[in-house]
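Everything on this sheet refers to the single structure shown next.
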Amino acid sequence: MLTATDAAAQQFETVFPEFFIKAFEMARADLDRSKRVSIWEAFTYASDGVRQWFEQKGQLPTERPLLDDTGAASGAKRRTREPTARLRA
């Protein structure tokens, strides 16, 4: 399951889907250089895009993308160990 927000009461338009779809066309989204963008890589690219979008707008983020691949309904947020490169919109 993939969501643009962790809140069921989210009432705003989301920008996550446009970044997620765009990831499949972007070579820089292919983190392992396999020439294929996985769901996790697209999720990572889109999550970074959402964060940067809100930063550029000077707004507090209203989206917190989640990916749940275990069926536990708890989801995983994008974790970063190092700063990510700026995405080009």
Side-chain angles (χ1 to χ4, degrees):
M1 177 174 57
L2 184 66
T3 66
T5 180
D6 61 358
Q10 170 67 281
Q11 296 179 3
F12 305 103
E13 278 189 44
T14 61
V15 296
F16 178 83
E18 65 186 77
F19 286 107
F20 186 77
I21 298 300
K22 186 177 182 177
F24 293 100
E25 301 170 353
M26 306 303 293
R28 67 180 162 270
D30 182 14
L31 300 175
D32 65 1
R33 311 276 193 262
S34 66
K35 298 187 180 175
R36 293 182 182 179
V37 176
S38 70
I39 296 296
W40 176 254
E41 289 169 326
F43 172 77
T44 299
Y45 179 90
S47 296
D48 290 344
V50 167
R51 180 184 49 77
Q52 290 175 18
W53 188 88
F54 279 99
E55 284 176 3
Q56 290 171 356
K57 298 280 185 189
Q59 299 175 356
L60 292 174
T62 57
E63 294 181 46
R64 285 171 286 290
L66 293 175
L67 175 67
D68 182 4
D69 65 349
T70 66
S74 59
K77 293 181 182 174
R78 162 81 165 113
R79 294 184 183 100
T80 57
R81 286 186 227 149
E82 56 192 43
T84 57
R86 290 267 178 209
L87 301 175
R88 293 185 196 129

Discussion item. What's the separation between atom OG1 in Thr44 and atom CD1 in Ile39, rounded to the nearest 0.5 Å?
Written reply: 11.0 Å

Discussion item. Tell me which one of Leu31, Val37, Asp32 satisfies side-chain contact (heavy atoms from CB on, under 4.5 Å) with Ser34.
Written reply: Asp32

Fill in: salt bridge (charged side-chain N to carboxylate O under 4.0 Å, His left out) between Glu55 and Arg51, worked out
CA-CA 6 Å; Glu55 284 176 3; Arg51 180 184 49 77; 3.2 Å; yes

Fill in: Exercise: identify the closest heavy-atom pair between Ala29 and Ala23
CB-O, 3.4 Å

Item to complete: Take Glu41 and Asp30, measure what side-chain contact (heavy atoms from CB on, under 4.5 Å) needs, and give me the verdict at the end.
Response: CA-CA 6 Å; Glu41 289 169 326; Asp30 182 14; 3.5 Å; yes

Item to complete: Output all residues satisfying side-chain contact (heavy atoms from CB on, under 4.5 Å) with Gln59, sequence neighbours left out; order by chain, then residue number.
Response: Trp53, Phe54, Lys57

Worksheet, complete the sentence: Hits for ring-ring contact (aromatic ring centres under 6.0 Å, His included) against Phe24, two or more places apart or cross-chain, chain-then-number order -> Phe20

Item to complete: Could you give me the CA-CA distance, side-chain angles and deciding distance for Met26 and Lys22, then say whether side-chain contact (heavy atoms from CB on, under 4.5 Å) is met?
Response: CA-CA 7 Å; Met26 306 303 293; Lys22 186 177 182 177; 3.9 Å; yes

Practice prompt. Start with the C-alpha gap between Phe16 and Phe43, add the side-chain angles, then the distance that decides, and say whether side-chain contact (heavy atoms from CB on, under 4.5 Å) holds.
Written response: CA-CA 9 Å; Phe16 178 83; Phe43 172 77; 3.9 Å; yes

Practice prompt. Measure the shortest side-chain to side-chain distance between Trp40 and Tyr45 over non-hydrogen atoms and say whether it is less than 4.5 angstrom.
Written response: no

